[in-house]
Colleague: 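Sharing a structure with you now.
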Amino acid sequence: MLILGLTGGIATGKTAASEYFKTQGIPIVDADKIARLVVEPDQPAYNLVLKHFGHMNILESNSRRIDRKRLGEIIFGNDQLRRQLNQCTHGFIRREALKQIIEHFFQFHSLIIWDVPLLFEVGLDRYLSHTLVICCDESLQLERLKRRDNIQDDQQALQRINAQMNIKEKCRRARYVIDNSDTKDVLHKRLQAFLSTIQPSQMSTIAWFVALFIPLSVVYGILRLWDLYDRRSNQQ
């Protein structure tokens, strides 16, 4: 089994790459989707976020759900609040991601994509020997972001780009880099060629399955019990 950490800069094409991998039948563990899941009402991270940010009017109108856009605006540009939010959510996000990875392993998938926008920023690359960055020319990144999010002002778009680690630094840290400065068809061809070089063999997959089945079964059971404990704690 090979776990590939997928990341990129804002509007560089990471999502397009993730969608292509999905069309090839490769399972995606999506950190953004998990981040939304763990702050749903009655989830453990939900209560922690309300404890620290509830006084800032972060709930949607007539709803118990957290307004993630509003919360994002609050922490944007404030490192202290961002760290505080990360402390509330990142442990739960990683736990859910690990559960999903193990579930895909039990389904005998040889390759799993872990899609994490802030892979290097939060230090997850320390646990992954295979990381892929989708990049593009910086002027093209600015143009794509403005078009995608209907932003008129260059400075506003640049502020969002600069809120993340510089794309050149991400490329330097990654094991693999794919340039997405051309068309989507060109990106797909590059991704197809890339997959042909990293796809584990069937024998390798069988060997890893045999070696890891029992220890990962134990880890998965512990994670499920941990979830059960958190749910019961929230109900008290």
Side-chain angles (χ1 to χ4, degrees), residues 1-9 12-38 43 45 89-135 165 170-180 187-228 230:
M1 179 182 70
L2 189 154
I3 303 170
L4 176 68
L6 173 66
T7 192
T12 62
K14 177 189 65 66
T15 300
S18 183
E19 289 172 350
Y20 174 79
F21 288 136
K22 194 179 299 183
T23 67
Q24 303 306 299
I26 302 170
I28 310 294
V29 176
D30 190 323
D32 272 347
K33 289 183 179 179
I34 294 174
R36 289 192 288 271
L37 173 67
V38 301
Q43 294 296 320
T89 61
H90 278 193
F92 297 104
I93 293 171
R94 293 181 184 187
R95 192 199 308 176
E96 179 61 29
L98 180 56
K99 278 168 44 188
Q100 291 187 17
I101 288 170
I102 295 174
E103 287 166 0
H104 291 310
F105 167 80
F106 287 152
Q107 294 166 16
F108 210 64
H109 287 285
S110 60
L111 175 62
I112 300 166
I113 306 296
W114 193 357
D115 182 340
V116 189
L118 302 180
L119 179 75
F120 296 108
E121 287 89 336
V122 299
L124 286 178
D125 57 304
R126 290 175 294 179
Y127 310 107
L128 298 167
S129 58
H130 296 268
T131 52
L132 169 64
V133 166
I134 306 298
C135 67
M165 181 184 293
K170 290 188 178 186
C171 291
R172 188 188 68 80
R173 295 191 185 191
R175 181 166 182 176
Y176 311 105
V177 176
I178 291 180
D179 188 355
N180 181 35
L187 174 64
H188 288 175
K189 289 178 181 177
R190 289 173 178 167
L191 291 171
Q192 184 180 34
F194 169 72
L195 284 177
S196 69
T197 66
I198 68 161
Q199 188 76 44
S201 68
Q202 187 174 16
M203 286 301 298
S204 172
T205 301
I206 293 171
W208 278 112
F209 189 83
V210 171
L212 294 177
F213 182 81
I214 292 177
L216 286 184
S217 295
V218 173
V219 171
Y220 188 75
I222 292 172
L223 293 173
R224 297 292 293 179
L225 287 173
W226 199 348
D227 286 345
L228 181 61
D230 282 339

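Worth knowing before you read on, the calculation uses all heavy atoms, side chains too, and leaves out hydrogens, waters and symmetry mates. Computed from a predicted model, the values in this text were never measured in an experiment.
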Colleague: Measuring only between side-chain heavy atoms, which start at C-beta, is T12 closer than 4.5 Å to N180?
Modeller: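 Contact flag for T12/N180 side chains = no.
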Colleague: Take L128 and L119, measure what side-chain contact (heavy atoms from CB on, under 4.5 Å) needs, and give me the verdict at the end.
Modeller: CA-CA 10 Å; L128 298 167; L119 179 75; 3.8 Å; yes
Colleague: Cut-off 3.5 Å, no hydrogens considered: what does the side-chain donor-acceptor table look like for residues 13-25, sequence neighbours left out?
Modeller:
| unit_1 | atom_1 | unit_2 | atom_2 | d |
| --- | --- | --- | --- | --- |
| K14 | NZ | D115 | OD1 | 2.7 |
| K14 | NZ | D115 | OD2 | 3.3 |
| S18 | OG | D115 | OD2 | 3.2 |
| T23 | OG1 | Y20 | O | 2.5 |

Colleague: Using side chain to side chain contact (heavy atoms under 4.5 Å, CB included) as the criterion, list what pairs up with A31, not counting sequence neighbours.
Modeller: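 Residues passing side chain to side chain contact (heavy atoms under 4.5 Å, CB included) with A31: V116, P117.
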Colleague: Measuring from L2:CG to L111:CG, what's the distance to the nearest 0.5 Å?
Modeller: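 One finds 5.5 Å between CG of L2 and CG of L111.
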Colleague: Just verifying a value: how many Å separate L6 CG and L132 CG, rounded to the nearest 0.5 Å?
Modeller: 5.5 Å
Colleague: Which residues pass the side chain to side chain donor-acceptor pair (under 3.5 Å) test with S110, sequence neighbours left out?
Modeller: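 Counting only residues at least two positions away or on another chain, S110 forms a side chain to side chain donor-acceptor pair (under 3.5 Å) with Q199.
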Colleague: Applying ring pair (Phe, Tyr, Trp, His ring centres under 6.0 Å) as the test, list every pair that has at least one member in residues 110-135; sequence neighbours left out.
Modeller: H130-Y176
Colleague: Would you mind reporting whether T131 and T7 have side-chain heavy atoms less than 4.5 Å apart?
Modeller: no
Colleague: Does any non-hydrogen side-chain atom of L98 lie less than 4.5 Å from one of R94?
Modeller: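 R94 does not reach L98 side chain to side chain.
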Colleague: Say you draw a straight line from NZ of K33 to CD of E96; how long is it, rounded to the nearest 0.5 Å?
Modeller: 13.0 Å
Colleague: Side-chain donor-acceptor pairs under 3.5 Å in residues 207-227, sequence neighbours left out?
Modeller:
| unit_1 | atom_1 | unit_2 | atom_2 | d |
| --- | --- | --- | --- | --- |
| S217 | OG | F213 | O | 2.6 |
| Y220 | OH | E103 | OE2 | 2.5 |
| D227 | OD1 | R95 | NH1 | 3.0 |
| D227 | OD2 | K99 | NZ | 2.5 |

Colleague: Decide side-chain contact (heavy atoms from CB on, under 4.5 Å) for D30 and I34; before the verdict, give the C-alpha distance in whole Å, the side-chain angles of both, and the deciding distance to 0.1 Å.
Modeller: CA-CA 6 Å; D30 190 323; I34 294 174; 5.8 Å; no
Colleague: With H104, which residues qualify under side chain to side chain contact (heavy atoms under 4.5 Å, CB included), at least two apart?
Modeller: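 Applying side chain to side chain contact (heavy atoms under 4.5 Å, CB included) to H104 gives P27, V29, Q107, H109, I112.
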Colleague: What pairs of residues pass the salt bridge (Lys or Arg N to Asp or Glu O under 4.0 Å) test when at least one of them lies in residues 197-219, not counting sequence neighbours?
Modeller: none
Colleague: Using residues 190-197 as the side-chain source, report each donor-acceptor pair under 3.5 Å to any protein atom, sequence neighbours left out, with the distance given to one decimal.
Modeller:
| unit_1 | atom_1 | unit_2 | atom_2 | d |
| --- | --- | --- | --- | --- |
| R190 | NH1 | D179 | O | 2.6 |
| R190 | NH1 | D182 | OD2 | 3.3 |
| R190 | NH2 | D182 | OD2 | 3.0 |
| S196 | OG | A193 | O | 2.5 |
| T197 | OG1 | F194 | O | 2.6 |

Colleague: Can you name the salt bridge (Lys or Arg N to Asp or Glu O under 4.0 Å) partners of R173, sequence neighbours left out?
Modeller: E169
Colleague: By the salt bridge (Lys or Arg N to Asp or Glu O under 4.0 Å) test, which pairs, at least two apart or in different chains, include something from residues 118-131?
Modeller: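 Every pair satisfying salt bridge (Lys or Arg N to Asp or Glu O under 4.0 Å) with a residue in residues 118-131: E121-K170.
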Colleague: Sort and list the pairs that fulfil salt bridge (Lys or Arg N to Asp or Glu O under 4.0 Å) and have at least one residue in residues 198-216, not counting sequence neighbours.
Modeller: none
